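We use all heavy atoms of the structure for the numbers below, so side chains are in, but hydrogens, waters and symmetry mates are not. Per chain, numbering begins at 1; letters A, B, ... match sequence-line order. No experiment lies behind these values; they were computed from the predicted model shown.
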Protein chains: 2
Amino acid sequence: MGTRILTVEDDERIRTAVKLALEDEGWEVEEAETGEDAIARFTRTPSDVVLIDIMLPGVDGFEVCRSIRRQSDVPIVMVTARADTHDVVAGLEAGADDYLTKPFVPKELSARIRALLRRARPASPGNPRLRFEELEIVPQEGVVTRGGDQIHLTKTEFRLLVELANNPGKVFSREDLLEKVWGHGVFGDGRLVDVHVRRLRTKVEADPANPRHVVTVRGLGYKLQP
Amino acid sequence: MGTRILTVEDDERIRTAVKLALEDEGWEVEEAETGEDAIARFTRTPSDVVLIDIMLPGVDGFEVCRSIRRQSDVPIVMVTARADTHDVVAGLEAGADDYLTKPFVPKELSARIRALLRRARPASPGNPRLRFEELEIVPQEGVVTRGGDQIHLTKTEFRLLVELANNPGKVFSREDLLEKVWGHGVFGDGRLVDVHVRRLRTKVEADPANPRHVVTVRGLGYKLQP
DNA sequence: CAAGATTTTCAACGAATTCTCAAGCGCCTG
DNA sequence: CAGGCGCTTGAGAATTCGTTGAAAATCTTG
């Protein structure tokens, strides 16, 4: 359910610094080193915000921006060392929503991203309803229904389900889930995830002993059957 | 009908320079010299974009921003001579969408405004009359009726209800509500929202202990049942 | 300025939820 | 086919979360 941010930056030091700052805000960060990589990643699984450095090897930031803008309304922030006004204008004309010049303070980056999210969220086209046969999930409303009847999930159960549902079929290890659902900084107690998966099943599955949606992949983790 | 921009700036030279630059883009410009003036003008006839200088005599730019944001979703750009990151963050937290530091090039200002307009939410058409069973809300008139009888809500209670009613079914976290209803700059955040939700319930619900409209989603926040 | 209305803070209670622990069960492997 | 490893299950303890009443602080109004 978290906010996902894609950062495109070839300088590794800056990349990790930015990543840490953004994760501090509770956002998930995905990294790309080249323009091609960024476009590919975004096409595969769109993020909620994109952060683009202009100077990249190969396809440059402007092109990445245009390419992503062509397929989505996602908020885009451009970053560069060049403080040239011409660049700023070019970036915004390419479809970016904001433009930052290095060096910048992480706090400001976070604040600007938050401002963009505040505006983008409600405008987000159609709430992505997730359906799996008789199961329906409406993340925005915190609602899950089975065969039309609403079922009550606790916060953790809900987050767990949404996380799995965001990538149907993908197997999540316990570590993955701990990280995504509980956030970083949880020392892994072995059976924590298991217990919650179980409680999720008793609510979501018709026959919890023979789950049809939340299935376990022995030795690897859990996944949601598409 | 063109795009109208309200600029708030006490330095006359800058004001006219900005005005010329914006009119060059084909936008209509309305000027205000003080914060009070700006708020009054905006309240009378809302513009499509607001440009606010932070350092103003009397009510400062942050306050103007919060005040306008409280009554509208209009795109807001803050401008200042101070390049202090702290200010930028404060501005964005106050509800601004972008932040420029002087000196800036008119071209950049125009480009940023254009970017904001591109994303601006289409104004809600006409009267979105809000009805929820026996509850009726008329935002423009500040009136709420239950079963035909008008009920009295305080300002805060009313804003809270309208905010929830604008997205029926959507869950609002306490942070969401604090931001939207109170505007930023709220420090002590204890159970503030809870208390107001409670008072709202005692007035709006037949049985406040078993609310049918303003329901709480444990662990997530509150929502208005559609 | 004072009374009244409204907003905000505070603390305590009860209930819902999360987490831990330990035993049980079944599948895979040797 | 026996043992181990990994997953499931149940129940109890600890924690978090929301509700509530009342009082303090602030704002409005006459």
**Request:** Please figure out whether Lys203(B) or Lys155(A) has its closest DNA chain C nucleotide nearer the 5' end.
**Result:** Lys203(B)
**Item:** Test item: Arg4(B) side-chain N/O and Pro46(B) main-chain N/O as donor-acceptor pair under 3.5 Å
**Value:** yes
**Prompt:** Salt bridge between Asp149(A) and Arg146(A), side-chain N to carboxylate O under 4.0 Å?
**Reply:** no
**Message:** So if I take residues 209-224 of chain A and measure heavy-atom distances to DNA chain C, which residues fall below 4.0 Å?
**Reply:** Arg218(A)
**Message:** I'd like to know if Arg15(B) and Asp53(B) make a salt bridge, using a cut-off of under 4.0 Å between side-chain N and carboxylate O.
**Reply:** no
**Item:** DNA chain D: 5'-proximal contact among Arg198(A) and Arg201(B) (nearest heavy atom)
**Value:** Arg198(A)
**Item:** Arg112(A) bridged to Glu108(A) by N-O distance under 4.0 Å
**Value:** yes
**Request:** Could you tell me the separation between the CG atom of Asp194(B) and the P atom of dT8(C), rounded to a whole number of Å?
**Result:** 13 Å
**Prompt:** Do Gln71(A) and Thr43(A) have side-chain atoms, one donor and one acceptor, less than 3.5 Å apart?
**Reply:** yes
**Asked** Has Trp182(A) got a side-chain N or O lying under 4.0 Å from the OP1 or OP2 atom of dC19(C)?
**Response** yes
**Asked** How many Å lie between CZ on Arg199(A) and P on dT20(C), as a whole number?
**Response** 14 Å
**Message:** Using a 3.5 Å distance criterion without hydrogens, assess whether the side chain of Glu205(A) forms a donor-acceptor pair with backbone atoms of Arg212(A).
**Reply:** yes
**Short side-chain to backbone donor-acceptor contact, Asp176(A) and Ser173(A), under 3.5 Å** = yes
**Asked** Arg118(A) side chain to Ala96(B) main-chain N or O, any donor-acceptor pair under 3.5 Å?
**Response** yes
**Request:** Would you indicate what Arg174(A) reaches in the nucleic acid, counting non-hydrogen atoms under 4.0 angstrom: base, sugar-phosphate, or nothing?
**Result:** sugar-phosphate
**Message:** Could you check whether any side-chain heavy atom of Asp37(B) comes within less than 4.5 Å of a side-chain heavy atom of Glu31(B), counting everything from C-beta outward?
**Reply:** no
**Prompt:** Which two nucleotides bound the region of DNA chain D that has atoms under 4.0 Å from heavy atoms of chain A, read 5' to 3'?
**Reply:** dG6(D) to dC17(D)
**Asked** Taking atom P of dT9(C) as reference, at what distance in whole Å does atom NE2 of His196(B) sit?
**Response** 9 Å
**Prompt:** Quick one: on DNA chain C, does Leu153(A) or Glu157(B) contact a more 5' nucleotide (nearest heavy atom)?
**Reply:** Glu157(B)
**Message:** Once you apply a heavy-atom cut-off of 4.0 Å, does Val195(B) come out as touching a base, just sugar-phosphate, or nothing?
**Reply:** base
**Asked** Whole-Å distance between dA23(C) P and Arg191(A) CZ?
**Response** 15 Å
